[in-house]
Amino acid sequence: MPVEKQTQISPAEGKLGVLLVGLGAVSTTFIAGVEAIKKDFAQPIGSLTQMGTIRLGKRTDNRVPLIKDFVPLAQLKDLVFGAWDIFPDSAYDAALNAGVLEKELLAQLKEPLRKIKPMKAVFDQTYVKRLSGTNVKTGKTKFDLAQQLIDEINDWKKKNKCSRLVMIWAASTEIFLKAHAVHKTLESFEKAMRENHKAIAPSMIYAYAALKCGVPFANGAPNLTVDIPALMTLADKNKLAICGKDFKTGQTLMKTIIAPGLKSRMLGLHGWYSTNILGNRDGEVLDDPDSFKTKEESKLSVLEYILQPEVYPTLYKDFSHVVRINYYPPRGDNKEGWDNIDIFGWLGYPMQIKIDFLCRDSILAAPIVLDLALFLDLAQRCGMKGVQEWLSFYFKSPQTAPGLYPEHDIFIQLMKLKNTLRHLRGEDLITHLGLEYYD
Ligand SMILES: NC(=O)c1ccc[n+]([C@@H]2O[C@H](COP(=O)([O-])OP(=O)(O)OC[C@H]3O[C@@H](n4cnc5c(N)ncnc54)[C@H](O)[C@@H]3O)[C@@H](O)[C@H]2O)c1
């Protein structure tokens, strides 16, 4: 993704279409939220693009603009939403069904939400065992389905008079798939689509279609999707930004806040036990062991990378890390996540930390979707192509260049994101050295 310092950024003119795969809890909470904010019913809490500031120059310069005033982002009034789902419910009905936002709020947003009707999905139950729906495309091969999506994306863009599009996967977590030989090159990938190869999941078909249409793509679930050489090559070839995987919300957000702090003070870790109860459709899908395996892999890697047991064997060698998700319908989207953290300090004396996070999954995820849509569009207008590692801040399992380990520490991720914005605008990067104040 190399870009020049002080890049030419084309202006955010016209409408930005945000195409969402999946019109479930996260997508509807995001869309309804944007509509509510546009009507001044609520504030964009949790969104860095809307509320965050960025320090420029020296601490004494007092230059701290809002991020949205510093880089030319699309404005909320210019966003248009489209979606695919296996259920035909409009965004209004889907939001009611998800039960995240109050009925009274949704009633006030009924008009824009009812207009958003999902397009027919590319779906195959082999990849999401707990779901079946009727709003599904048919086609002889996976390649045909991709072609249908490509036509649909182009039509949608025209019909909605958009100047630019971004696509975000916010659909159910697919079963765990390992990288396969057919994912290696674009040729082998396209051949596999024509042969209906089982290594090609629906999420890959959407990502392929997006990249063929010149649309940058973000993956909010832990599926492999765009994290394969064939699609990374396609993104490079078509000069498109991509990023993923798995929105960083809830328990993993907490982990990437707390673990860097423990490590910074050289406190050791014997074990970290995490369990969740969750009652929404995502919880139901994750109740299938194959879908959970995809999520588990995504959640487990975080601590290893942050704590670096190979560098600090005395503190972190062989710590035990367990993650569980239990589907418990009465809780709906209001997840409860417990963490028991067994740490040790001076002379090896043990201590414990207990966290009980009563969070709301989609309330944490919605601002991430907004920021990703706006930053992906910005990246595109700056000519940034390929994996956007500076957006790691938003992901549990950040996609990186091949061979590079991901950065999970949220504070490093934020510094990287802000320094990328400074770089784009030709401002000095902030290193926090600060010697000049003591000359
Ligand atoms: N909410 C969070 O905090 C969070 C965090 C990280 C990741 N995620 C991931 O985001 C995704 C969405 O979460 P959610 O809570 O909105 O789930 P959800 O079950 O409410 O919504 C997912 C929607 O995707 C649809 N769908 C499934 N396969 C599809 C396909 N092939 N094409 C089109 N639509 C399809 C389903 O019908 C459903 O309506 C999940 O994969 C979840 O794991 C969520």
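Whatever order the structure lists ligands and atoms in, that order sets their numbers, starting from 1.
- At the shortest separation from atom 17 (O) of ligand 1 among protein heavy atoms lies Asp282 CB, 3.7 Å.
- Of all the atoms in ligand 1, the ones that sit under 4.0 Å from a non-hydrogen atom of Lys396 are 5 (C), 6 (C).
- Proximity of the aromatic rings of Phe81 and Phe30 is defined here by a centroid distance below 6.0 angstrom, and this criterion is met.
- At a threshold of 4.0 Å, the pair Glu35-Lys38 counts as salt-bridged, since one of the basic side-chain nitrogens sits closer than that to a carboxylate oxygen.
- Minimum interatomic distance between Pro88 and Thr134 (heavy atoms only, all atoms of both residues): CD-OG1, 4.2 Å.
- In the vicinity of Ala25, heavy-atom distances shorter than 4.0 Å reach the ligand 1 atoms 15 (O), 16 (O), 18 (P), 20 (O), 21 (O).
- Heavy-atom minimum distance, Ile175 versus Thr294: C-OG1, 3.1 Å.
- At a 4.0 Å cut-off, at least one heavy atom of Asp246 sits close enough to ligand 1 to count as contact.
- Compare Trp169, Tyr206, Tyr127, Phe123 by their heavy atoms: the one nearest to atom 33 (C) of ligand 1 is in Tyr206.
- Using a 4.0 angstrom heavy-atom cutoff, Val122 counts as in contact with ligand 1.
- Between Ala171, Cys359, Ser291, it is Ala171 that holds the heavy atom closest to atom 40 (C) of ligand 1.
- The residue among Ser172, Gly283, Ala121 with a heavy atom at the shortest distance from atom 22 (C) of ligand 1 is Ser172.
- At a threshold of 4.0 Å, the pair Glu111-Lys115 counts as salt-bridged, since one of the basic side-chain nitrogens sits closer than that to a carboxylate oxygen.
- Note: an N/O pair closer than 3.5 Å links Thr173 and ligand 1 by distance alone.
- For atom 23 (C) of ligand 1, the closest non-hydrogen atom of the protein is Asp85 OD2, 3.5 Å.
- The closest approach between any non-hydrogen atom of Ile86 and ligand 1 is below 4.0 Å.
- Formation of a donor-acceptor pair under 3.5 Å by the Lys142 side chain with backbone atoms of Ile200 is found in this model.
- With ligand atoms numbered from 1 in the order given, ligand 1 contributes 2 (C), 3 (O), 4 (C), 5 (C) to contacts under 4.0 Å with heavy atoms of Thr249.
- Every atom of ligand 1 is numbered from 1 in the order shown, and the set under 4.0 Å from a heavy atom of Phe87 is 37 (O).
- Residue-ligand proximity: Gly220 is placed with a non-hydrogen atom under 4.0 Å from ligand 1.
- Counting only heavy atoms of the protein, atom 19 (O) of ligand 1 lies nearest to Arg281 CB, 3.2 Å.
- Heavy-atom separations between Ala170 and ligand 1 include at least one value shorter than 4.0 Å.
- Between Met119 and Leu19 the shortest side-chain heavy-atom distance falls below 4.5 Å.
- If you number the atoms of ligand 1 from 1 as listed, the ones under 4.0 Å from a heavy atom of Ala221 come out as 41 (O).
- Listed by number with element, the atoms of ligand 1 under 4.0 angstrom from any heavy atom of Val26 are 1 (N), 13 (O), 14 (P), 15 (O), 16 (O).
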